[in-house]
> 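Quick one: this structure, given as structure tokens, is what I'll be asking you about.
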Number of protein chains: 2
Amino acid sequence: MPVPKGSTIDPERTRAAILEAATPILYERGLDGVGVAELCARIGVSKETLYRHFGTKDGLVAAMLEARSERVTRWLADAAATAGDDPRGQVAAVFEALEGWYGDPVFRGCAMLNAAAQHHVETVRAITARHLDRYLRLLTGIAERAGAADPHLLGRQLLVLVEGATVVAAHHDPAGAAGHARDAALTLLSAATRAD
Amino acid sequence: MPVPKGSTIDPERTRAAILEAATPILYERGLDGVGVAELCARIGVSKETLYRHFGTKDGLVAAMLEARSERVTRWLADAAATAGDDPRGQVAAVFEALEGWYGDPVFRGCAMLNAAAQHHVETVRAITARHLDRYLRLLTGIAERAGAADPHLLGRQLLVLVEGATVVAAHHDPAGAAGHARDAALTLLSAATRAD
DNA sequence: TCGAGATCGTACCGATCGGTTCGATCTCTG
DNA sequence: CAGAGATCGAACCGATCGGTACGATCTCGA
């Protein structure tokens with residue numbers, strides 16, 4: 001019973017439970033692919049409760065995208081951290097983590113990019129842009145610590161590779177995209193560090 | 001008067017006119033962002049005519065995506081061809097053509113990727129996959145003629161860069177994405193040809 | 001000139017959508 | 001025990017959606 005009925009038990013827990021349960025459903029079916037009524041039914045919550053916590057369907061969508069962006073970025077940063085201080089190892093770890101994600105049967109591409117492609121609302125586009133900013137910060141940090149000649153350029157190149165790999169994996173080659181992108185990233189890293 | 005009323009005048013011309021007029025509208029607003037009624041009003045055609053030619057809204061969408069995929073691939077191939085036999089010039093030409101596209105105020109990312117993110121219908125996903133196949137053939141051809149050690153690998157890496165640049169341009173950095181991807185592509189090309 | 005066929009404009013259909021409302025029910029606190 | 005507040009479930013609302021039907025109009029070939 002993830003969402004109890006009491007009053008003062010957990011004003012906040014209900015919201016978190018809704019968010020957690022709604023995320024995979026909206027990701028799998030698409031933002032417009034599932035109505036609020038069905039969503040509530042599958043979550044096990046009434047429409048009134050959902051609307052009291054999020055005000056609107058877009059409010060729920062924004063909250064879940066924001067949470068997902070933070071979560072996936074942290075996950076990727078953790079993956080890089082497992083490689084210790086080795087820059088090449090960190091880059092390889094990022095793409096190997098992505099490879100695992102691409103192989104997941106529920107993988108449907110980047111949730112933020114999908115959302116931005118569907119919902120032309122400004123708030124969603126802003127969340128997507130912020131998400132790419134988070135990725136860029138992470139990748140630029142790796143490039144800096146690797147001693148790249150131009151870490152900002154390498155960071156942006158890595159961002160293109162990460163996003164490109166995700167797109168290609170989602171729509172063309174789930175098995176190979178991460179490996180090809182990783183090889184490219186390591187080549188770019190070598191070129192960027194050989195020059196200094 | 002793009003859509004005359006007569007009977008035997010042009011059974012096929014009407015269909016082409018609908019397709020041409022509907023494409024930019026569906027691209028700008030999204031497949032689900034504009035209803036059939038409004039679409040017909042803006043095209044200047046009746047719903048009956050549209051449905052007789054395409055059967056269903058999905059039919060229209062599929063026809064327009066297929067046409068757009070062929071058209072944009074041909075456009076990119078032409079851009080590469082302007083660089084003559086120089087492989088580096090061909091790669092650079094591809095990304096500079098993309099840069100011009102990204103700068104277009106109506107640029108909204110890749111129409112096929114957007115469509116696949118919205119419409120979870122199998123036919124749309126198939127068209128998107130075929131589209132990436134077209135891109136891959138084009139890029140692998142360039143890699144082969146450049147004498148890359150592993151042209152299939154380089155082709156797939158270039159595909160990741162092209163798609164990644166398009167995504168980043170659409171959602172984060174319209175001005176810089178193409179340039180960064182081009183630099184990365186030329187670095188990969190150098191590495192792939194230096195080895196042999 | 002006449003009829004076949006393409007098109008128009010509009011009305012219409014059933015379904016679904018996001019969102020609201022309300023009475024009943026439950027749980028905790030005072 | 002009493003009441004405040006959160007939740008439920010179901011009904012309800014207006015809008016919009018994709019798709020169909022129909023009579024009127026137009027253009028062509030025979």
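Every chain is numbered from 1 and lettered A, B, ... according to where its sequence line falls, protein lines coming before strand lines.
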> Which of residues 20-33 of chain B sit near DNA chain D, with a heavy atom under 4.0 Å from it?
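Those residues whose heavy atoms fall under 4.0 Å from DNA chain D, taken from residues 20-33 of chain B, amount to none.
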> Name all stems that contain residues of DNA chain D, defined as runs of 3 or more consecutive Watson-Crick or G-U wobble pairs, both distances under 3.5 Å.
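Only these stems qualify: C:1-30 with D:1-30.
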> Could you tell me the separation between the CD atom of B/E38 and the C1' atom of D/dA15, rounded to a whole number of Å?
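In whole Å, D/dA15 C1' lies 15 Å from B/E38 CD.
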> Write out a two-atom table: protein N or O, nucleotide N or O from nucleotides 20-23 of chain D, distance below 3.5 Å.
| unit_1 | atom_1 | unit_2 | atom_2 | d |
| --- | --- | --- | --- | --- |
| D/dC22 | N4 | B/E48 | OE1 | 2.2 |

> Rounding to a whole Å, what distance do you find between A/R52:CZ and D/dG5:P?
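Going from A/R52 (CZ) to D/dG5 (P), I get 12 Å.
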> Reckon A/H53 has a side-chain N or O less than 4.0 Å from the OP1 or OP2 of D/dA6?
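Answer is no, no contact under 4.0 Å.
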> Strictly below 4.0 Å: does A/T14 bring a side-chain N or O up to OP1 or OP2 of D/dT7?
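So the side-chain polar atoms of A/T14 do come within 4.0 Å of the phosphate oxygens OP1 or OP2 of D/dT7, strictly under.
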> Answer yes or no for A/R108 and A/Y27: cation-pi contact, defined as NZ/CZ to six-membered ring centre under 6.0 Å and angle to ring axis within 45°.
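No, a cation-pi geometry is absent between A/R108 and A/Y27.
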> Who are the side-chain hydrogen bond (donor to acceptor under 3.5 Å, both in side chains) partners of A/E66, not counting sequence neighbours?
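Result, side-chain hydrogen bond (donor to acceptor under 3.5 Å, both in side chains) vs A/E66: A/R130, A/R134.
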> Run through the side-chain heavy atoms of Ile, Leu, Val, Met, Phe, Trp and Tyr, join any pair under 4.5 Å, and report what else lands in A/V106's cluster.
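Members other than A/V106 - counting any ILVMFWY side chain reachable under 4.5 Å - there are none.
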> Please give, in whole Å, the distance from C/dG19 C1' to A/D58 CG?
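For the pair A/D58 CG and C/dG19 C1', the rounded distance is 12 Å.
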> Between D/dT27 atom C1' and B/R13 atom CZ, what is the distance in whole Å?
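Taking atom C1' of D/dT27 as the reference, CZ of B/R13 is at 16 Å.
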> Side chains of residues 71-84 of chain B: which donor-acceptor partners sit under 3.5 Å, not counting sequence neighbours?
| unit_1 | atom_1 | unit_2 | atom_2 | d |
| --- | --- | --- | --- | --- |
| B/T73 | OG1 | B/S69 | O | 2.8 |
| B/T82 | OG1 | B/A79 | O | 2.5 |

> Is there side-chain contact between B/L189 and B/I142, with heavy atoms separated by less than 4.5 Å?
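No, side chains not in contact.
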> Does the side chain of A/S190 come under 3.5 Å of the side chain of A/R88 through a donor N or O and an acceptor N or O?
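Yes, a side-chain donor-acceptor pair sits under 3.5 Å.
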> May I have the distance from B/L50 (atom CG) to D/dG18 (atom P), rounded to whole angstrom?
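Whole-Å distance recorded here is 11 Å.
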> Atom CZ of B/F54 to atom P of D/dG18: distance rounded to whole Å?
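Going from B/F54 (CZ) to D/dG18 (P), I get 16 Å.
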> With a cut-off of less than 4.0 Å, is there a side-chain N or O of B/T56 near OP1 or OP2 of D/dG18?
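Indeed not, no polar side-chain atom of B/T56 lies that close.
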